[in-house]
Peer 1: 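One structure, pasted below without further comment.
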Amino acid sequence: MEYINQIKLEMRSKSENEAFARSVAAAFTSQLDPTVEELTDIKTAISEAVSNAIIHGYQDRDDGIIKIEMAATATSKIIIVVEDKGVGIEDIEKAREPLFTTGNSEERSGMGFTVMESFMDKVIVESKPGEGTRVTLIKVLDQTNGF
Amino acid sequence: MGITFEMIDDILIAILSGELDHHTSLEIREEIDHTFDTFQANNLILSFEKVTFMDSAGIGVVMGRYNKVRTKNGKLALTGCNHYIDRILDMAGIYTIAKCYPSINEAISALREEKGE
Ligand SMILES: Nc1ncnc2c1ncn2[C@@H]1O[C@H](COP(=O)(O)OP(=O)(O)OP(=O)(O)O)[C@@H](O)[C@H]1O
Ligand SMILES: [Mg+2]
């Protein structure tokens, strides 16, 4: 696939960086003339993926490294990859089910993957227990806004 | 993320502003619970009018506060849920435990009515 732009960044697994990841995703997506709705969808999806890497992947430790890659195509497709080297996921299919959570606090609703799936066109989850998790978020923007 | 409080009778009103994510929700939930206990409130209104971003962490904040008010046999009401907040809350089935009203005044009336019944 022919990319018109790509960026790569690495950040520590600090929860402050969730907002930073959203800002970067919004700035990167802006070059494709997204609607406000599309921009919000993408910010929300990356926020879910990065939060999961911090909360679950690195179990709230702030010394893990989260890798983020973004790419855009001439056909207005945005591809975002969020990768951690944390604990990994035992059963991916189960993890993606609505309301499924291994979070130990009552504050986790188990809706993160469901939110990602409904706001993006495609969500790919690759993971190995003990090795880490890689989430790929793909969205094709409506091109009628551009020129 | 910012938060301001108002108290009317036994209803605590928490007005949230800014971005509600995993990071900010950690402080927000403690502040709400602490204030709820300090003022011996029974009912809670969460205002989302000034919230500019929310992900699934917001669902957890609402569910957690619902459990909190239930320990006092109280009620929870939400206000000012815009289109973006609405679709996340709706997806999680939050409206079965707490309704969202257009304004704080309507939420107060609804809580009072339910008490009267
Ligand atoms: N990066 C990750 N590393 C390890 N486990 C993960 C990762 N991402 C998700 N999971 C697992 O998948 C489950 C479901 O994730 P999901 O985001 O849907 O819900 P949640 O994070 O538990 O709750 P919420 O996102 O609503 O706060 C998690 O509870 C966790 O067990
Ligand atoms: Mg999650």
Side-chain angles (χ1 to χ4, degrees), chain A residues 11-23 25-26 35-60 62 66 82 95-101 103-120 137, chain B residues 1-3 14 16-34 36 44 46 48 50-72 76 78 81-98:
Chain A
M11 52 170 66
R12 283 244 318 258
S13 54
K14 290 175 79 79
S15 58
E16 288 91 328
N17 287 336
E18 293 157 5
F20 181 71
R22 288 197 296 276
S23 301
T35 63
V36 176
E37 176 118 18
E38 287 167 337
L39 211 52
T40 307
D41 289 349
I42 288 169
K43 280 169 70 180
T44 311
I46 191 171
S47 196
E48 297 292 353
V50 172
S51 306
N52 277 353
I54 296 169
I55 301 166
H56 306 295
Y58 293 118
Q59 314 208 284
D60 287 313
D62 73 357
I66 300 170
V82 177
R96 293 178 73 142
E97 281 173 16
L99 304 176
F100 176 85
T101 180
N104 45 9
S105 100
E106 61 162 14
E107 309 283 334
R108 297 269 74 77
S109 64
M111 289 300 290
F113 277 129
T114 308
V115 166
M116 288 183 247
E117 281 165 11
S118 66
F119 290 4
M120 301 297 282
L137 306 162
Chain B
M1 176 116 240
I3 183 162
L16 311 177
S17 63
E19 308 201 335
L20 181 51
D21 63 9
H22 158 246
H23 175 71
T24 57
S25 70
L26 297 174
E27 302 152 28
I28 259 0
R29 69 181 191 212
E30 265 169 39
E31 237 179 291
I32 295 172
D33 288 356
H34 177 75
F36 191 83
L44 176 67
L46 293 176
F48 287 97
K50 297 180 189 158
V51 174
T52 52
F53 173 86
M54 190 187 94
D55 63 19
S56 70
I59 301 169
V61 168
V62 176
M63 290 195 321
R65 305 299 71 67
Y66 173 71
N67 291 331
K68 178 87 188 166
V69 297
R70 283 228 303 189
T71 63
K72 296 283 205 72
L76 172 67
L78 315 175
C81 308
N82 68 29
H83 163 67
Y84 300 106
I85 290 170
D86 173 74
R87 50 183 192 165
I88 289 178
L89 294 178
D90 190 34
M91 205 180 286
I94 285 297
Y95 297 138
T96 59
I97 58 168

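Just so it is clear: chains get the letters A, B, ... in the order the sequence lines come, proteins before strands, and each one is counted from 1. In this text the structure is predicted, and so the values were computed from the model without any measurement.
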Peer 1: What is the distance from atom OG1 of A/Thr40 to atom NE2 of B/His83, rounded to the nearest 0.5 Å?
Peer 2: 8.0 Å
Peer 1: Does any heavy atom of chain B fall under 4.5 Å from the side chain of A/Ala45, the backbone, both, or neither of them?
Peer 2: neither
Peer 1: State, yes or no, whether a side-chain contact exists between A/Asp60 and B/His22 at a heavy-atom distance under 4.5 Å.
Peer 2: yes
Peer 1: Ignoring hydrogens and angles, write down the donor-acceptor pairs under 3.5 Å from the side chains of residues 50-62 of chain B, residues two or more places apart or on other chains.
Peer 2:
unit_1, atom_1, unit_2, atom_2, d
B/Thr52, OG1, B/Gly18, O, 3.3
B/Asp55, OD1, B/Ala57, N, 2.9
B/Asp55, OD2, A/Ser47, OG, 2.7
B/Ser56, OG, A/Glu48, OE1, 2.7
B/Ser56, OG, A/Glu48, OE2, 3.1

Peer 1: In terms of heavy-atom proximity below 4.5 Å to chain A, should B/Met91 be classed as side chain, backbone, both, or neither?
Peer 2: both
Peer 1: Could you tell me which non-hydrogen atom of B/His23 sits nearest to which non-hydrogen atom of A/Ser15, and how far apart they are?
Peer 2: ND1-OG, 2.6 Å
Peer 1: Under the rule for side chain to side chain contact (heavy atoms under 4.5 Å, CB included), what residues qualify as partners of A/Lys14, not counting sequence neighbours?
Peer 2: A/Arg12, A/Glu16, A/Asn17, A/Asp62
Peer 1: Could you tell me which of A/Thr114, A/Ile55, A/Val115 has the largest number of non-hydrogen atom pairs under 4.5 Å with chain B?
Peer 2: A/Ile55
Peer 1: Any Lys/Arg nitrogen of B/Asp21 or A/Lys43 sitting under 4.0 Å from an Asp/Glu carboxylate oxygen of the other?
Peer 2: no
Peer 1: OH of B/Tyr95: more than 12 outside heavy atoms within 6.0 angstrom?
Peer 2: yes
Peer 1: I want to check something: taking the side chain as every heavy atom from C-beta on, are B/Glu19 and A/Glu18 in contact at a cut-off of under 4.5 Å?
Peer 2: no
